[in-house]
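In this text the structure is predicted, and so the values were computed from the model without any measurement. The chain is numbered in sequence order, starting from 1.
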Amino acid sequence: MKRQKQFIFSVLLTCWTAFAAFGGAACESGDASPSSDVSDSGGSEISSSAEPETEEISVLSDRNYENGFGIMGMDSSEGRKNFGYFDYGGSAAAESDSVWQIGQWAGKSNFATEYVETRTQDGGWDYVAGGKHLRVNPETGVLTLGLDASKEYDHPRLSGENWVHNLLEQNFAQPVKVEDCAHIYVKMKFTVDFCERLMTNEEFNPNLHRAQLLWYISFQNLPENSVYDEETGEWSEGRVGDYLWFGVPLYDSNLLRQEESCAFDNGTGQYIYGLDNGWYLNVPIEPGDVNEFTFDVLPYVRRGVETIQSRGGLVNVKYENLYFGYMNMGFEVPGTFNIQATFEYLDITYVKK
């Protein structure tokens with residue numbers, strides 16, 4: 001007789017904290033950009049740029065960062081525990097109230113314990129630890145992230161070595177069922193302030209070294225029941241907790257345009273599906289350009305699932321069992337670059353059916 005295992009939905013929402021422990025889609029399947037052998041015709045076929053017509057609901061809390069930030073450790077294996085806080089000189093109750101976290105994987109400087117805090121002239125706050133930098137004004141919601149990798153690497157990064165991150169992350173207060181949505185909009189207004197390559201031509205390997213500004217949303221499989229068949233080794237409605245990294249790429253120092261892509265992420269054991277950033281940005285982006293977009297990603301969630309399943313991932317996962325409840329956005333810098341970007345706002349909203 002087949003042995004069967006069954007999971008009940010009431011206990012599954014706890015998966016969000018566990019699955020997001022890595023805090024980023026660090027694609028260890030190769031140091032080059034993810035494979036882009038997905039058909040490039042879909043961007044023009046799927047209409048997803050129309051302006052919202054009905055009430056939108058934001059999934060993000062504290063969009064002006066008024067409650068400060070929790071700072072995670074320097075290794076993703078430490079999970080989502082905070083080791084320090086940015087609390088605006090003690091004026092914010094960050095330890096108890098912050099919903100935003102900073103992922104600072106790798107590098108030499110510890111944002112949680114080594115930072116210097118400075119009040120800015122416009123009433124904001126500036127935090128610096130080595131090459132890691134965050135500036136925020138909780139009155140306006142304007143935020144700047146920076147990463148000077150020359151202060152975080154002792155040598156040009158070699159293949160297989162970890163790379164430094166400076167990421168803004170949030171677990172949503174309540175995961176949202178994708179099937180209940182008529183639209184899911186990603187919104188942002190940002191400027192890449194500068195991007196400097198601090199490597200000689202001899203040191204620089206374009207397949208290994210780059211500076212990337214990325215935005216990921218996680219869509220997780222949370223079926224009400226999924227039964228495991230030991231003979232086939234499959235779950236009837238997919239493995240509970242499996243997810244896809246849904247990428248909204250913003251900037252890459254080595255690419256004029258980031259094409260639609262799909263790749264397996266060894267670091268988290270899940271697949272990354274990435275949009276073509278030419279669908280919502282005026283590419284190529286130049287430092288100093290102001291970029292603003294609202295883009296409906298809902299049609300591409302199904303496309304991402306189908307693409308991943310065609311490659312052997314998300315086995316038996318059904319679209320109607322997907323929920324989204326986590327995001328991270330910021331810098332992954334596998335090369336010796338100095339890069340900074342300012343965000344006037346960012347948001348993720350949905351419209352109910």
Side-chain angles (χ1 to χ4, degrees), residues 14 16-24 26 58-149 151-152 162 164-174 213-216 218 325-333 340-348:
T14 57
W16 286 105
T17 300
F19 102 86
F22 287 91
S58 176
V59 298
L60 298 182
S61 302
D62 190 19
R63 295 197 298 278
N64 276 13
Y65 319 105
E66 295 175 359
N67 296 324
F69 302 85
I71 314 301
M72 291 180 283
M74 295 181 64
D75 192 311
S76 61
S77 65
E78 295 173 309
R80 303 200 62 79
K81 178 182 177 182
N82 290 325
F83 292 86
Y85 298 90
F86 293 166
D87 61 3
Y88 311 146
S91 61
E95 186 168 357
S96 59
D97 296 344
S98 59
V99 295
W100 290 103
Q101 292 180 284
I102 300 299
Q104 57 154 346
W105 324 127
K108 298 191 297 183
S109 307
N110 192 336
F111 232 165
T113 58
E114 302 170 9
Y115 66 84
V116 175
E117 177 187 77
T118 306
R119 193 71 189 268
T120 63
Q121 292 183 347
D122 63 357
W125 299 87
D126 197 71
Y127 295 89
V128 178
K132 300 171 183 178
H133 177 216
L134 181 147
R135 182 169 62 247
V136 61
N137 188 324
E139 294 182 2
T140 64
V142 176
L143 178 137
T144 296
L145 290 175
L147 190 49
D148 183 351
K151 299 179 180 178
E152 300 298 326
N162 291 333
V164 65
H165 297 60
N166 189 5
L167 301 174
L168 181 69
E169 310 193 12
Q170 185 178 136
N171 281 310
F172 308 157
Q174 181 63 46
L213 179 59
L214 303 167
W215 193 4
Y216 287 109
S218 294
Y326 165 84
M327 64 140 279
N328 72 63
M329 187 282 300
F331 290 118
E332 297 190 30
V333 184
Q340 178 179 290
T342 296
F343 307 88
E344 294 190 41
Y345 67 82
L346 66 91
D347 203 357
I348 302 169

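- Counting only heavy atoms from C-beta outward, the side chains of Phe69 and Leu134 approach each other to under 4.5 Å.
- Taking NE2 from His165 and CD from Glu332, the interatomic distance works out to 3.5 Å, rounded to the nearest 0.5 Å.
- Contact between Gly141 and Asn64 at its shortest, heavy atoms only, is CA-OD1, 3.6 Å.
- Residue Trp100 holds its CH2 atom at 8.0 Å from CG of Asp62, rounded to the nearest 0.5 Å.
- Taking Asn82 as the reference, Gln101 meet the side chain to side chain donor-acceptor pair (under 3.5 Å) condition, with sequence neighbours excluded.
- Scanning both residues, Asn328 and Trp215, for their nearest heavy atoms gives O-CD1, 3.3 Å.
- For the atom pair CE (Met329) and CD (Gln170), the distance works out to 11.5 Å, reported to the nearest 0.5 Å.
- Asn137 contributes atom CG, which lies 12.0 Å from atom CD of Glu344 (distance to the nearest 0.5 angstrom).
- In summary, the side chains of Thr120 and Asp126 do not present any donor paired with an acceptor at a separation below 3.5 Å, with no hydrogens or angles considered.
- Annotation: salt bridge (Lys or Arg N to Asp or Glu O under 4.0 Å) contacts involving residues 110-123, sequence neighbours excluded, are absent.
- Of all non-hydrogen atoms in Arg63 and Leu346, the two that sit nearest each other are CD-O, 4.3 Å.
- Nearest approach of Ala112 to Asn110, heavy atoms of both residues: N-OD1, 2.9 Å.
- Nearest heavy-atom pair, Ser91 versus Tyr88, reported as atom, atom and distance to 0.1 Å: OG-O, 2.6 Å.
- Between Ile102 and Lys132 there is no side-chain heavy-atom pair separated by less than 4.5 Å.
- The CG atom of Asn166 lies 9.0 Å from the CD atom of Glu152; values are rounded to the nearest 0.5 Å.
- Closest heavy-atom contact between Leu213 and Ala341: CD2-CB, 4.0 Å.
- Lys151 is not listed as a side-chain neighbour of Ser109, based on a closest heavy-atom distance of 4.5 Å or more.
- With sequence neighbours left out, the ring-ring contact (aromatic ring centres under 6.0 Å, His included) criterion links Phe86 to Phe111, Tyr115, Tyr127.
- Screening residues 65-76 for salt bridge (Lys or Arg N to Asp or Glu O under 4.0 Å) gives no qualifying pairs among residues at least two apart or on separate chains.
- For the atom pair OH (Tyr65) and OG1 (Thr140), the distance works out to 10.0 Å, reported to the nearest 0.5 Å.
- Under the side chain to side chain donor-acceptor pair (under 3.5 Å) criterion, Asp148 pairs with Ser150, sequence neighbours left out.
- Proximity of Phe172 to Leu60: side-chain heavy atoms (C-beta onward) are separated by under 4.5 Å at one or more points.
- The shortest distance between side-chain heavy atoms of Phe331 and Leu145 falls below 4.5 Å.
- Partners of Ser61 under the side chain to side chain donor-acceptor pair (under 3.5 Å) rule, at least two apart in sequence or in another chain, do not exist in this structure.
- Contact check for Arg80 versus Met72: side-chain heavy atoms found under the 4.5 Å cut-off.
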